[in-house]
Amino acid sequence: MPSAKRYWLVKSEPDVYSFDHLWSDKGRRTLWDGVRNYQARNTMRDDMQVGDGVLFYHSNAKPPGVAGIAEVASKSYPDPTQFDPAHKYFDEKSKVEDPRWWLVDIRAKKKVKRFVSLDELKANPKLSEMALCQRGSRLSVQPVRPSEWRIVLAMCGL
DNA sequence: GCCAACGTTGGC
DNA sequence: GCCAACGTTGGC
């Protein structure tokens with residue numbers, strides 16, 4: 001039996017791949033490829049389940065913040081880009097029979113009614129323990145508590 | 001297994 | 001563009 005629905009936050013640079021980009025992609029979904037950090041990899045490989053909620057966060061943006069709501073749309077599977085020598089995410093040390101990098105599909109669910117900036121998130125005392133708000137937080141895939149999820153969605157007007 | 005050097009992230 | 005924070009690499 002699957003465990004209860006969980007919540008996550010993924011980062012993307014809008015100049016590279018924005019929430020609107022995901023929204024206009026076929027099926028409003030994409031492979032969340034290119035993650036090359038072991039902790040983020042473990043989260044996708046081991047912890048994410050189909051239907052989990054995802055905050056789509058714009059990093060390296062002016063301003064950075066939550067730009068959309070998405071969901072996990074597949075079980076984890078090996079990131080195909082690691083095996084493609086022509087791809088910038090190619091990893092020559094990874095073997096097909098023992099893949100190093102895993103991903104899930106992400107599907108856009110809802111546009112936010114209000115963009116919520118990082119400043120606003122940090123200013124909310126109820127979000128002081130949120131992973132994103134911690135100093136030096138660089139993880140591109142990170143957990144979100146159910147309470148934090150509800151608060152952020154409310155801030156987004158949802 | 002330590003740790004210095006180096007690379008990357010990402011807010012500012 | 002700067003730089004703090006942090007992850008990875010590789011010599012020893």
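The figures here come from the full heavy-atom set of this structure, side chains too, leaving out hydrogens, waters and symmetry mates. Labels below follow one simple rule: chain letters A, B, ... track the order of the sequence lines, proteins then strands, and each chain is numbered from 1.
- Crowding of Glu129(A) atom CD: a count of heavy atoms from other residues, nucleotides or ligands under 6.0 Å not exceeding 12.
- No path of Ile, Leu, Val, Met, Phe, Trp and Tyr side chains, each step under 4.5 Å between heavy atoms, connects Met48(A) with Val144(A), placing them in separate hydrophobic clusters.
- For the salt bridge (charged side-chain N to carboxylate O under 4.0 Å, His left out) condition, the pairs that include at least one residue of residues 148-158 of chain A, sequence neighbours left out, are Arg145(A)-Glu148(A).
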Which donor-acceptor pairs under 3.5 Å do the side chains of residues 103-111 of chain A make with protein atoms, sequence neighbours left out?
residue   : atom : partner  : partner atom : Å
Asp105(A) : OD1  : Tyr77(A) : OH           : 2.5
Asp105(A) : OD2  : Arg29(A) : NH2          : 3.0
Arg107(A) : NE   : Glu71(A) : OE2          : 3.1
Arg107(A) : NH2  : Glu71(A) : OE2          : 2.9

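- Applying a 4.0 Å cut-off to non-hydrogen atoms, the residues of residues 117-125 of chain A that approach DNA chain B are Leu118(A), Asp119(A), Lys122(A), listed by residue number.
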Contacts table for residues 50-66 of chain A: side-chain donor-acceptor under 3.5 angstrom, sequence neighbours left out:
residue  : atom : partner  : partner atom : Å
Asp52(A) : OD1  : Arg6(A)  : N            : 3.0
Asp52(A) : OD2  : Trp8(A)  : NE1          : 2.9
Asp52(A) : OD2  : Gln49(A) : N            : 3.0
His58(A) : NE2  : Phe19(A) : N            : 3.0
Asn60(A) : ND2  : Glu13(A) : OE2          : 3.3

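- Using a cut-off of 4.0 Å between Lys/Arg side-chain N and Asp/Glu carboxylate O, Asp79(A) and Arg41(A) are scored as not salt-bridged.
- Not counting sequence neighbours, Gln39(A) has no partner by the side chain to side chain donor-acceptor pair (under 3.5 Å) test.
- Toward the 5' end of DNA chain C, the nearer of the two residues Arg135(A) and Lys93(A), judged by each one's closest nucleotide, is Arg135(A).
- Chain A approaches DNA chain B within less than 4.0 angstrom (heavy atoms of the protein), and the contacting nucleotides run 5' to 3' from dG7(B) to dC12(B).
- Heavy-atom contacts from other residues, nucleotides or ligands closer than 6.0 Å to NZ of Lys5(A) number more than 12.
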